[in-house]
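Below is one structure, written out as structure tokens, with a few remarks after it.
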Amino acid sequence: MAFFTVSSSMRGTACVVEAKGELDYHHTPLLRDEMNRVWEEGPPPTVVIDVTALTFCDSTGLAELIANLRRSGALGTRLVLAGVHGTLERILTITGLRAAFELSPSAEDALRKE
């Protein structure tokens, strides 16, 4: 059975959201709930979604990432995808969305640019 976990923590003034496992139709609501908590607690200046440990992402996961990109723009928050690789990297490249997101090799690199 596929697994997915998501957690968030504050690192200075930035929030790092760690997504691990398979971000698919069944697990996207977990990411949505965690991100809603982040946005509703008073959005920080920077949100890093660390996908280093993501093993799969389907269209519903991608749609959720796009929704958060839009929400961050509306709130004036910098959103960074960290550790993009594998399926997600291919999807972002094929769809032309790679340029829409700020990408960073790691959460630590993203936080250094804060």
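Just so you know, these numbers come straight off a predicted model, no measurement behind them.
- L23 is listed as a side-chain neighbour of F4, based on a closest heavy-atom distance under 4.5 Å.
- The side chain to side chain donor-acceptor pair (under 3.5 Å) test applied to S8 returns E34, not counting sequence neighbours.
- When the side-chain contact (heavy atoms from CB on, under 4.5 Å) test is applied to A67, no partner is found at least two apart in sequence or on another chain.
- For residues 90-101, the set of pairs meeting the side-chain hydrogen bond (donor to acceptor under 3.5 Å, both in side chains) definition, not counting sequence neighbours, comprises T87-R90, E89-R98.
- Counting only residues at least two apart or on different chains, the salt bridge (Lys or Arg N to Asp or Glu O under 4.0 Å) pairs with a member in residues 67-88 are R78-E102.
- Taking the side chain to side chain donor-acceptor pair (under 3.5 Å) definition, one finds that S72 meets it with nothing, sequence neighbours left out.
- Considering CG of L97 and CD1 of I91, their distance stands at 10.0 Å, rounded to 0.5 Å.
- Both V51 and L69 belong to a single network of hydrophobic side chains, linked directly or stepwise wherever heavy atoms of I, L, V, M, F, W or Y lie under 4.5 Å apart.
- Minimum interatomic distance between L79 and F101 (heavy atoms only, all atoms of both residues): CD2-CE2, 4.4 Å.
- Counting Ile, Leu, Val, Met, Phe, Trp and Tyr side chains that sit under 4.5 Å apart, directly or through other members, I94 stands alone, with no cluster partners.
- Using a 4.5 Å cut-off between side-chain heavy atoms of Ile, Leu, Val, Met, Phe, Trp and Tyr, with links allowed through other members, L81 and L30 fall into the same hydrophobic cluster.
- Two residues are said to be in side-chain contact when any heavy atoms from C-beta on lie closer than 4.5 Å; L62 and I66 meet this criterion.
- Judged as a side-chain hydrogen bond (donor to acceptor under 3.5 Å, both in side chains), the pairs with a partner in residues 11-23 (not counting sequence neighbours) are, in order, T13-E114.
- Annotation: side chain of V17 is in contact with side chain of C15 (closest heavy-atom distance under 4.5 Å).
- Clustering of Ile, Leu, Val, Met, Phe, Trp and Tyr by side-chain heavy atoms under 4.5 Å joins V80 with V16, V48, L111.
- The minimum heavy-atom distance linking L88 with C57 is given by the pair CD1-SG, 3.9 Å.
- A salt bridge (Lys or Arg N to Asp or Glu O under 4.0 Å) check over residues 47-64, counting only residues at least two apart or in different chains, returns the pairs R32-E64.
- Formation of a donor-acceptor pair under 3.5 Å by the H85 side chain with backbone atoms of L54 is found in this model.
- The only member of V6, V84, L65 that meets side-chain contact (heavy atoms from CB on, under 4.5 Å) when paired with I49 is L65.
- For S106, the side-chain contact (heavy atoms from CB on, under 4.5 Å) partners at least two apart in sequence or on another chain are E108, D109.
- The side-chain contact (heavy atoms from CB on, under 4.5 Å) test applied to P43 returns W39, L75, T77, not counting sequence neighbours.
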